[in-house]
Amino acid sequence: MRSVASTLAAAHWGRYLVLMVPYSVFYFLVDTFVVQQAVSWFNVPVAYRDVLPVRATTYILSLVNTQLGQGGIALYLHRRHGLPFWEVTGTVIFISFVEVYQLAFYSCVGAAAGGELGGIARLWVYAALAAYLALHLWYFSRPRAGWLGRARLLTAFRRARPAHYLRLLLYKTPNLLAAVTTHWLALPLFGMRIPFAALLAGLPLVFFFAALPIAAAHLGPSQVAWVYFFRRYAPDAGLVAYSLAAHLAFMLANALRSKLLTF
C-alpha cells in the first residue's frame, strides 16, 4: 500500500515546481488586484504597486493563519493611509465574504457537471447560502438605524451595490480556475488522476476548510478535506502527501516572493 513518504519520494518534483511557481505568481498578482480594487471602492484610492509589497508580506502571516494575514492587510492600510481600522477591516471581511460565495458557486457548477449535486455536494447547503445572500443584499440595500447602521466594520457592506459583489467574484475567478487547472495537471506527477469536474466541485470546498480559523498554517482541515472529497479517485495516503506538497510549494514560493518584493 502506498504511503505518504513513498508518494513524495516517487513524485516528479522538477515538473511539479514548473507548474506551481508560475501559478503562485499569477495567484498573487490577481489577489493583489482584488484587494486594490476593493479598498479603492470603499475606502481610499490606492495604487496597485503600493499594495504589492504588503500583500506579499501578509502571505507569510496567512501561512500561519488566514485571519492573521487578513488582519495584517487591514493594519497596514490603517497605518499607511490613516483609515479607520475597523472600516478597512470591514473591507477585508467583504472580500472574504465574496470569496465564500465564489467557492460555493463554482463548487455547485462543478458538482452539477460531475453529477455530484445532491450527493457529496448537498443541495440544502447551496440553498441556505442563496437564501442568506438574498436577505443580506436586501438588508444592506437601504440605510439602517441603530448601531448596525453606524458600525464602521460594516461600512463596505453599506457602500457596496450588487455590481460590486459580482465584479469582485469575477476578478477572483481566474485564481480559482488556475488552481483547478494546476492541480489537475500536477496530480499525475504524484501518480494520481482526478477528473477536472471533480476538482472543480471539490477544490473550492477544500480551500474553504483550509481557511477555517482552526487551521494552523493551513494544515489539518485541508488534508481531511482532500481525503473526504477525493478518496474515490486516489488513495488516502497519496492525497495527504499531495496536499502537503502543494502547501509546501505554495509556502516557499510566497516566502521567496515576499523577500524579493520587500528587499
Would you name the heavy atoms of [X] and [Y] that are closest together and state the gap between them?
X    : Y    : result
A237 : V4   : O-CG2, 3.6 Å
R161 : S141 : NH2-CA, 4.2 Å
P188 : R193 : CG-NH1, 3.7 Å
R158 : A151 : NH1-O, 2.8 Å
L8   : A245 : CD2-CB, 4.1 Å
A160 : H164 : CA-ND1, 3.6 Å

Any donor-acceptor pair under 3.5 Å from [X] side chain to [Y] backbone:
X    : Y    : value
D236 : V227 : no
T181 : A178 : no
S24  : V21  : yes
R150 : G146 : yes

Verify same cluster id: L29, Y23 (apolar side-chain graph, 4.5 Å):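 Same cluster.
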
Shared hydrophobic cluster for V18 and V25 (ILVMFWY, side-chain gaps under 4.5 Å): no

In the structure I gave you, are the side-chain heavy atoms of [X] and [Y] within less than 4.5 Å of one another anywhere?
X    : Y    : answer
Y139 : L148 : yes
F94  : L168 : yes
V39  : V51  : no
K172 : D31  : yes
L205 : F229 : yes
L176 : Q102 : yes
Y106 : L200 : yes
V98  : V34  : no

Stepwise side-chain contact (heavy atoms from CB on, under 4.5 Å) check, F26 with N175: CA-CA 8 Å; F26 177 81; N175 271 352; 3.8 Å; yes

Inter-residue atom distance [X].[atom1] - [Y].[atom2], 0.5 Å rounding:
X    : Y    : atom1 : atom2 : answer
T7   : F190 : OG1   : CZ    : 9.0 Å
M192 : L239 : CE    : CG    : 5.5 Å
N43  : T91  : CG    : OG1   : 3.5 Å
L153 : I93  : CG    : CD1   : 4.0 Å
Y48  : Q37  : OH    : CD    : 10.5 Å
R15  : L185 : CZ    : CG    : 10.5 Å

Parallel, tilted or perpendicular: ring planes of Y165 versus F157, cut at 30 and 60 degrees: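 Geometry flag for F157 against Y165: tilted rings.
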
Distance flag, aromatic centroids of Y101 and F97, threshold under 6.0 Å: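 Yes - the distance between ring centres of F97 and Y101 falls below the 6.0 Å cut-off.
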
Test log, rule side-chain contact (heavy atoms from CB on, under 4.5 Å), inputs Y233 and L187: CA-CA 11 Å; Y233 304 106; L187 278 160; over 6 Å; no

Greater than 12 external heavy atoms within 6.0 Å of W184's CH2: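 No - once you tally the heavy atoms of other residues, nucleotides and ligands closer than 6.0 Å, there are 12 at most.
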
Residue pairs, two or more places apart or on separate chains, that pass salt bridge (Lys or Arg N to Asp or Glu O under 4.0 Å) and touch residues 81-98: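 Pairs touching residues 81-98 that pass the test: E87-R159.
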
Face-on cation placement of R152 at W147 ring, 6.0 Å and 45° thresholds: no

Residue of the set F230, Y16, W226, F196 for which ring pair (Phe, Tyr, Trp, His ring centres under 6.0 Å) holds with H183: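 It is W226; the other options fail the test.
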
Side-chain donor-acceptor pair present, S107, Y126, cut-off under 3.5 Å: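 A pair is found: one side chain offers a donor N or O, the other an acceptor, under 3.5 Å apart.
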
